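In each ligand, atom 1 is the first atom listed, and ligand 1 is the first ligand listed. Just so it is clear, the structure is predicted and the values come from calculations on it, not from any experiment.
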Amino acid sequence: MPNQRKQTFDYEFGGPIGTLATMIFLPLVTLLLTYWASIGEIEFANILPASESCSSGGSYAFVRDMILGSNVLCPSCSDPQTVVFCAFVVLSWFGLQVLLERVLPGEIVLGAPLPDGSGKRLPYRINGHLAFWVTLLLLNVGWPRWVEVHNGGEAMSALVFGRVPLSWLYDYHSTLAFVTILWTILLSSYLFLRSFGKGFLLAAGGDSGNPIYDFFMGRELNPRWGTFDWKEFCELRPGLIGWMVLNMSMMFKQYERLGYVTGSMILINIFQGIYVWDALYQERAILTTMDITTDGFGFMLVFGDLAWVPFTYSLQARFLVDHDPHLHWSMLAAIVGVNIMGYLIFRGANGQKDAFRRNPDSPEVSHLTFLQTKRGTKLLTSGWWGLARKINYTGDWIMGLSWCMVCGFESIVPYYYAIYFAILLIHRSIRDDHMCQEKYGEDWNKYKSVVPYRFVPGLF
Ligand code: NDP
């Protein structure tokens with residue numbers, strides 16, 4: 001039977017070979033990007049190890065020497081003490097977010113019906129927005145330290161609480177990224193092994209029978225410890241809030257160096273801070289996304305959520321510490337305009353679909369036209385969703401472009417995000433189109449004839 005399953009399996013991401021290459025390539029790219037952001041250009045000469053390491057030890061030695069030996073990609077990674085300390089920081093951060101998820105009050109919301117046909121819906125604890133604000137509060141007032149105070153000429157020690165010295169995160173940026181990558185490999189391995197236990201619901205796309213492919217895609221759909229949902233938690237908290245904290249650390253570092261914070265640095269912190277806040281404020285909307293309803297929780301999402309998002313999405317702020325583009329205020333104002341336009345499209349489209357799916361008769365969406373499908377659900381054919389089938393992606397991309405623009409126009413490095421995100425969104429839209437075709441059949445073709453454009457109305 002396993003052979004039959006493999007022959008008919010519909011592989012994505014280039015199958016086992018493509019996913020293996022991705023798993024080797026993306027961690028390296030994460031470290032490469034942090035290095036390029038620090039020097040402000042794309043450069044290979046200093047990172048490639050001596051040719052002997054390749055000929056004597058093969059590709060493993062080559063990769064190892066590139067990370068540990070070049071002293072460029074991760075300067076502190078060869079120092080065990082720093083690595084252990086960074087591991088402590090990364091795990092403590094993860095532990096703090098788990099604690100907040102467990103102890104803070106939150107509404108229990110049911111997810112979408114499970115795809116096994118049972119009609120069962122899993123309960124989720126929605127308190128990410130509160131966790132976001134409590135984290136910010138703790139970062140501002142939660143750092144304990146002893147200081148010497150003088151009481152009538154007598155010196156005494158006193159415990160005081162203040163702001164966490166975040167600029168430290170800039171100093172150990174690449175080591176923190178390296179340790180986080182190791183953590184994602186460990187976590188994915190645990191999740192992969194536990195998925196072979198009895199009674200777990202497997203994701204259709206992660207059950208090919210090929211261990212490399214399934215490790216990448218994720219076998220188990222909703223890995224849980226009791227009511228703790230690993231996937232929903234990792235999608236929104238340690239990585240996403242961590243991204244914002246890394247941005248803040250870059251801002252503090254810039255202030256330490258210059259004695260002031262530049263307009264570009266303020267804008268990137270505001271833009272991306274709002275993006276993170278928005279995702280947590282709208283936490284329940286994630287329950288109907290492809291990541292939660294369809295994809296298993298494997299290396300692809302674990303690495304993406306915990307390592308790729310915080311360490312590569314914070315690249316613009318990292319770049320700005322060392323390379324201020326000195327943009328004129330009029331240019332900054334124009335970039336704010338681009339950002340607002342992207343945000344209005346992104347939030348307008350996602351909010352409209354969410355409101356419509358929750359209650360199509362609510363006054364804000366009751367005027368919209370829709371296609372009633374045989375599957376039972378309704379597809380919007382006017383409003384934002386009548387303009388283009390993935391108009392929400394377009395808004396998201398425009399916002400991303402504004403993040404790159406605050407870094408000026410002299411280096412391509414900060415524009416990595418706009419390039420990478422365009423590829424991600426195009427690929428994701430093809431995956432979603434394929435899944436909708438399977439879900440809706442002829443109805444999907446009808447919908448596509450009513451809304452023919454994918455991203456930009458009238459263009460493509
Ligand atoms: P969507 O929010 O576009 O959801 C797609 C699903 O919506 C479809 O499978 C279908 O599911 C339903 N749908 C499609 N068309 C319609 C319609 N006309 N009317 C009603 N329902 C429809 O996709 P994602 O989950 O991929 O993305 C959510 C947001 O997250 C996006 O804005 C995206 O930009 C963002 N994102 C950001 C990332 C980042 O790294 N910054 C990464 C990935 C996403 P069904 O009918 O079965 O409900």
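- Applying the salt bridge (charged side-chain N to carboxylate O under 4.0 Å, His left out) test to residues at least two apart or on different chains, the pairs with a partner in residues 382-409 are Lys390-Asp432.
- With a heavy-atom cut-off of 4.0 Å, Tyr275 touches ligand 1 through its side chain alone.
- Geometrically, ligand 1 and Lys390 share a nitrogen or oxygen pair separated by less than 3.5 Å.
- With a heavy-atom cut-off of 4.0 Å, Arg357 touches ligand 1 through its side chain alone.
- Using modelled atom types, one finds no donor on one side chain facing an acceptor on the other under 3.5 Å when comparing Tyr213 with Glu12.
- In terms of protein heavy-atom proximity, atom 18 (N) of ligand 1 is closest to Tyr447 OH, 2.9 Å.
- Applying salt bridge (Lys or Arg N to Asp or Glu O under 4.0 Å) to Asp229 and the options Arg102, Arg224, Arg125, Arg237 leaves one that passes, Arg224.
- Within the structure, ligand 1 lacks Thr288 among the residues with a heavy atom less than 4.0 angstrom away.
- Looking only at heavy atoms of the protein, atom 47 (O) of ligand 1 is closest to Lys439 NZ, 2.7 Å.
- Nearest non-hydrogen protein atom to atom 31 (C) of ligand 1 is Asn392 ND2, 3.6 Å.
- Asp396 OD2, 3.3 Å is the protein heavy atom nearest to atom 35 (C) of ligand 1.
- Disulfide check for Cys404/Cys407 fails, with the SG atoms at least 2.5 Å apart.
- Compare Asp433, Asp291, Asp432, Thr377 by their heavy atoms: the one nearest to atom 8 (C) of ligand 1 is in Asp432.
- Lys353 CD, 4.0 Å is the protein heavy atom nearest to atom 13 (N) of ligand 1.
- Residues forming a ring-ring contact (aromatic ring centres under 6.0 Å, His included) with Phe370 (at least two apart in sequence, or on another chain): Phe356.
- Ring centers of Trp243 and Trp403: under 6.0 Å apart, within the cut-off.
- One finds a salt bridge joining Arg428 and Asp291 here, because a Lys/Arg side-chain nitrogen approaches an Asp/Glu carboxylate oxygen to under 4.0 Å.
- Neither the backbone nor the side chain of Arg431 has any atom closer than 4.0 Å to an atom of ligand 1 (non-hydrogen atoms only).
- Among protein heavy atoms, atom 17 (C) of ligand 1 sits closest to Leu380 N, 3.6 Å.
- Regarding atom 40 (O) of ligand 1, its nearest protein heavy-atom neighbour is Tyr313 OH, 2.7 Å.
- Among all protein heavy atoms, the one lying closest to atom 38 (C) of ligand 1 is Phe421 CE1, 3.8 Å.
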